[in-house]
K.L.:
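What follows is a single structure, and I will ask about it in a moment.
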Amino acid sequence: MIRLLRAEALKLRTIWSTWAILIITMVLTGGLGVLVGFAPHRHDVEALLFPARGTSSWFDLVFSTMTVSVDLALILGVICVTGEYRHKTVTPTLLCEPKRGRMVAAKLLSSAGGGVVVGVAGGLTGLVLGIGLVAGGFGDTGRMLTEYRHVFPGVLAACVLYGIYGLGLGALLKNQVVALVVGLGVIAVVEPIVEGVVPSVGRWLPGQAAEALESVAVSASRRGGGGIFSSTAHLITWWEGALVLLAYGVVLAVAGTFTTLRADVT
Amino acid sequence: MITGTNFSDFAGERRRTSAVGTAPSVEVRGLTKHFGSVVAVDDLTFSVEPGMVTGFLGPNGAGKTTTLRMLLGLVSPTSGRALVNGVAYRDLPDPTRTVGAVLEASGFHPARTARNHLRTIAAVAGIDFARVDEVLELVGLGADAGRTVGKFSLGMRQRLELARALLGDPEVLVLDEPANGLDPQGIAWIRGFLRWFASSGMVVLVSSHLLAEAAQTVDDVVILANGHLMGHGPLQQLLQGTAATVAVRVRTPDAQRLISVLQATRPEAGRARLEGPDTVVAEGTTPEEIGPIMAESRIVVYEMTSTGESLEQLFFQMTEGGQMGGHPIGQPWGSVGAQGYASAPPPEEGSS
């Protein structure tokens, strides 16, 4: 298994998509952070919504942009398996590891690893941004680091679990475009609708589950809402979020192993 | 350019230390594959002997690729078994070191370099990365190791496939149409390589629809048409059992004299006829047989070639029988056969 993992890591390292995902993660995190932190307030309402610069809430808002890493970890997980079918490298892959369950297990672990890398990339960008803001005279180091510590672990954990979830989606759907559309579509389109109509179901969906995981910071910082962060009361607990995300990934991957991946490779 | 010719230099450590215990084997028993209502392979049974090159022949759509993919665990048989060294491919303890496979539709990530492509496979099998450069050198891609595969020509990709197959220094080579996309030099090289590989006691199963090409490489043949086994055995033996004749084309300034010499020395075997002013076609013989006769009669020879027509005749005779079993592709049989034939190189190209 260690050899398989080494090979999977090498595969991810040697395609440009991985590096593109890391760069996009950093650019989005940094860019959005600056944008959100310094958005001009034209109306009183906005001024109420956006916390004053340098406050804990403001840092929390700026660091919340690290959560874009989560979606990119999902994309990496999807590519990890669907890329093999897209470029037909699945044939040599299965020739050297003909046991398909083992192949999927290795990819599941390497996608989780990919999630760590993406999460760390986003996290480091956030940290650099935070240091830059403090150096620029916005807030003090202690407050910045406190908020950073609140946001980062949740984001990192969500990245790992989304990597696994993406792998599961890819293993089941096999087609790269379909898997990406379904994966991101569920989060961006389906979930808000379900959330609006049946919130009791919606909060168990992947996007909300990730939010529950990421919101550890919010509840832990004893602010319980306010500012742009609405109440997190509607969310499941962070560990429920973690478990449900892990379940999505593993169930989909196992289903994929027994359906699509068992199919003939021609 | 493929340059390496001293193949033994490139054999891996294991081969040199000769750690191979029992002789490698490939065996197919009652192998059947249905794709929906189409029977791609029907109750196929044959075994491949080590120490020789076995040709897996049949027209396009005969079921060759499906059979090979079942052998490699990529396609699940509807029934029957395909075994390598007595076990299913999926149960091989070390597949990369046991079987090397060259497959047509095998893929490469276009943005990955040739070296990294092979490294991803070497990593799984625990093969030293130094071996990657060794096999790339062997197939003549040493200078292109750092280039991305997306920029490779068809022939270069085919050579990279071969390099991948050889990475684990396997005992069994399975090749699906390896000549595709290769230049004549590459084809000659692969022919030599397969002969060398088989001669060291290994198993070589090579599919082809190019009959004239295959005739020059293979010892044994397995002939497939419409998913049915049409013939299996040593090529020479199969040829004797049919009306197909071996023929040799000789270019000589003494054409008329050669004909009379041949008629005098071998009246029983076939006939010799004049094809052009200086070309004689002698049927029912081989270069090995008439070479000494011509030397003895002091006949000047400019050129002598095996025509390879014999195998094609054998092939058509055998595959025509398959017509009665019904053609699954829904195409007239003749058109499929003609396709395979038309793309074969003209017999003149083959040299003995």
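Residue numbering restarts at 1 for every chain, and letters A, B, ... go by the order of the sequence lines.
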K.L.:
Could you pull out the closest heavy-atom pair between A/Pro92 and B/His117, with the gap in Å?
P.N.:
CG-CE1, 4.3 Å

K.L.:
Quick one, A/Thr91 and B/Arg69 - any side-chain contact, counting heavy atoms below 4.5 Å?
P.N.:
yes

K.L.:
Could you tell me the separation between the CG atom of B/Asn116 and the CD1 atom of A/Ile15, rounded to the nearest 0.5 Å?
P.N.:
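Nearest 0.5 Å value for the CG-CD1 distance: 11.5 Å.
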
K.L.:
Could you report the tightest heavy-atom contact between B/Arg112 and A/Lys11, atom names first, then the distance?
P.N.:
NH2-O, 2.9 Å

K.L.:
Checking heavy atoms, do the side chain of B/Ala125, its backbone, both or neither come under 4.5 Å from chain A?
P.N.:
backbone

K.L.:
Taking atom NZ as the centre, does A/Lys99 end up with more than 12 heavy-atom neighbours from other residues, nucleotides or ligands that are less than 6.0 angstrom away?
P.N.:
yes

K.L.:
Taking all heavy atoms of A/Leu95 and all of B/Arg164, pick out the closest pair and write down the distance.
P.N.:
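Scanning both residues completely, I find the closest heavy atoms to be CD1-NH1, 3.5 Å.
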
K.L.:
Nearest 0.5 Å, what's the CD-OG1 distance between A/Glu97 and B/Thr96?
P.N.:
8.5 Å

K.L.:
More than 12 heavy atoms of other residues, nucleotides or ligands under 6.0 Å from CG of B/Leu154: is that the case?
P.N.:
yes

K.L.:
Please round to the nearest 0.5 Å and tell me the distance separating atom CD1 of B/Ile127 and atom CZ of A/Arg3.
P.N.:
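Here the interatomic distance stands at 8.5 Å.
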
K.L.:
Taking every heavy-atom pair that is under 4.5 Å apart, which of A/Ala106, A/Gly83, A/Ala9, A/Cys96 has the most such pairs with chain B?
P.N.:
A/Cys96

K.L.:
Does atom CZ of A/Arg6 have more than 12 heavy-atom neighbours from other groups under 6.0 Å away?
P.N.:
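Not buried by this count: 12 neighbours or fewer within 6.0 Å.
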
K.L.:
Please report the closest heavy-atom contact between B/Phe129 and A/Leu10, naming both atoms and the distance.
P.N.:
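Residues B/Phe129 and A/Leu10, closest heavy atoms: CZ-CD2, 4.2 Å.
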
K.L.:
Donor-acceptor check, side chain of A/Asp264 to backbone of B/Ser76, threshold 3.5 angstrom: yes or no?
P.N.:
yes

